[in-house]
Amino acid sequence: EPEVTQTPSHQVTQMGQEVILRCVPISNHLYFYWYRQILGQKVEFLVSFYNNEISEKSEIFDDQFSVERPDGSNFTLKIRSTKLEDSAMYFCASSEARSLQPQHFGDGTRLSIL
Amino acid sequence: DAKTTQPNSMESNEEEPVHLPCNHSTISGTDYIHWYRQLPSQGPEYVIHGLTSNVNNRMASLAIAEDRKSSTLILHRATLRDAAVYYCILSETTSGTYKYIFGTGTRLKVLA
């Protein structure tokens with residue numbers, strides 16, 4: 001069964017550095033999402049992406065965040081100038097269509113900011 | 001904020017059916033009801049979804065109340081591998097893409 005893959009599984013970065021989290025969505029999917037989960041807390045929506053542009057973003061997704069689909073297969077989340085509070089699990093998800101089809105999640109990247 | 005309410009935790013014996021309830025009294029006519037589960041150190045895994053009618057798949061059944069204000073996820077025979085946090089989610093959109101608003105879910109413990 002096709003799946004969403006995320007790399008790396010664990011990223012350790014110094015505070016203030018830039019980090020790029022990578023995702024390969026399922027190949028025929030058109031809608032892409034990033035979520036994050038701080039340890040012990042709820043999964044939170046960050047951003048949705050369709051047709052090479054952001055469709056919706058949450059309050060969390062401020063100017064330090066950006067997303068890109070650079071080559072038609074990868075979907076990346078960039079965090080500029082990371083902060084301690086950015087430490088979390090980041091999940092990528094994709095779906096074929098809107099509400100009719102479910103979102104499929106990757107197993108996440110654990111981001112640790114030191 | 002999440003528009004669903006679920007019990008924080010439930011327990012079940014192995015091989016027995018489990019009924020996981022969810023209240024969503026403010027559901028709108030176009031909201032789909034999705035169920036996901038999350039095992040430790042993994043991403044949320046799709047279980048089932050529906051709009052109005054009850055749904056069955058290989059993993060579970062979804063019973064939706066006639067007024068759609070509540071639903072129940074039914075695992076017909078719980079196994080130890082079903083121990084996870086189960087999330088009931090209403091997909092919502094303001095832009096054409098459907099974001100999920102997760103609540104705290106129900107932590108299911110399966111006893112051998």
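A, B, ... follow the sequence lines: proteins, then strands. Residue 1 opens every chain.
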Count the heavy atoms of every other residue, nucleotide or ligand shown that sit under 6.0 Å from [atom1] of [X], and state whether that count exceeds 12.
{"X": "B/Asn8", "atom1": "CG", "value": "no"}
{"X": "A/Arg110", "atom1": "CZ", "value": "no"}
{"X": "B/Arg77", "atom1": "CZ", "value": "no"}
{"X": "B/Arg68", "atom1": "CZ", "value": "yes"}
{"X": "A/Asp63", "atom1": "CG", "value": "no"}
{"X": "A/Leu39", "atom1": "CG", "value": "no"}

Nearest-0.5 Å distance that lies between atom OH in B/Tyr32 and atom CD in A/Gln101: 9.5 Å

Heavy-atom pair with the smallest gap, counting every atom of [X] and [Y]:
{"X": "A/Pro102", "Y": "B/His49", "answer": "CD-CE1, 4.2 Å"}
{"X": "B/Phe102", "Y": "A/Val43", "answer": "CB-O, 3.3 Å"}
{"X": "A/Phe45", "Y": "B/Tyr100", "answer": "CB-O, 3.9 Å"}

Options A/Glu44, A/Gln37, A/Gln6, ranked by heavy-atom pairs under 4.5 Å with chain B, top entry: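 Most heavy-atom pairs under 4.5 Å with chain B: A/Gln37.
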
Per-residue contact mode, A/Gln103 against chain B (heavy atom under 4.5 angstrom): both

Report yes or no: do [X] and [Y] belong to one cluster of Ile/Leu/Val/Met/Phe/Trp/Tyr joined by side chain heavy-atom distances under 4.5 Å?
{"X": "A/Trp34", "Y": "A/Ile60", "answer": "yes"}
{"X": "A/Val12", "Y": "A/Met15", "answer": "no"}
{"X": "A/Val4", "Y": "A/Leu77", "answer": "no"}

Residues 38-46 of chain B: residues contacting chain A (heavy atom under 4.5 Å, by number):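 Within residues 38-46 of chain B, the residues under 4.5 Å from chain A are B/Gln38, B/Ser41, B/Gln42, B/Gly43, B/Pro44, B/Tyr46.
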
Aromatic ring proximity, centroids under 6.0 angstrom, B/Tyr36 and A/Phe105: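 For A/Phe105 and B/Tyr36, the ring centres are under 6.0 Å apart.
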
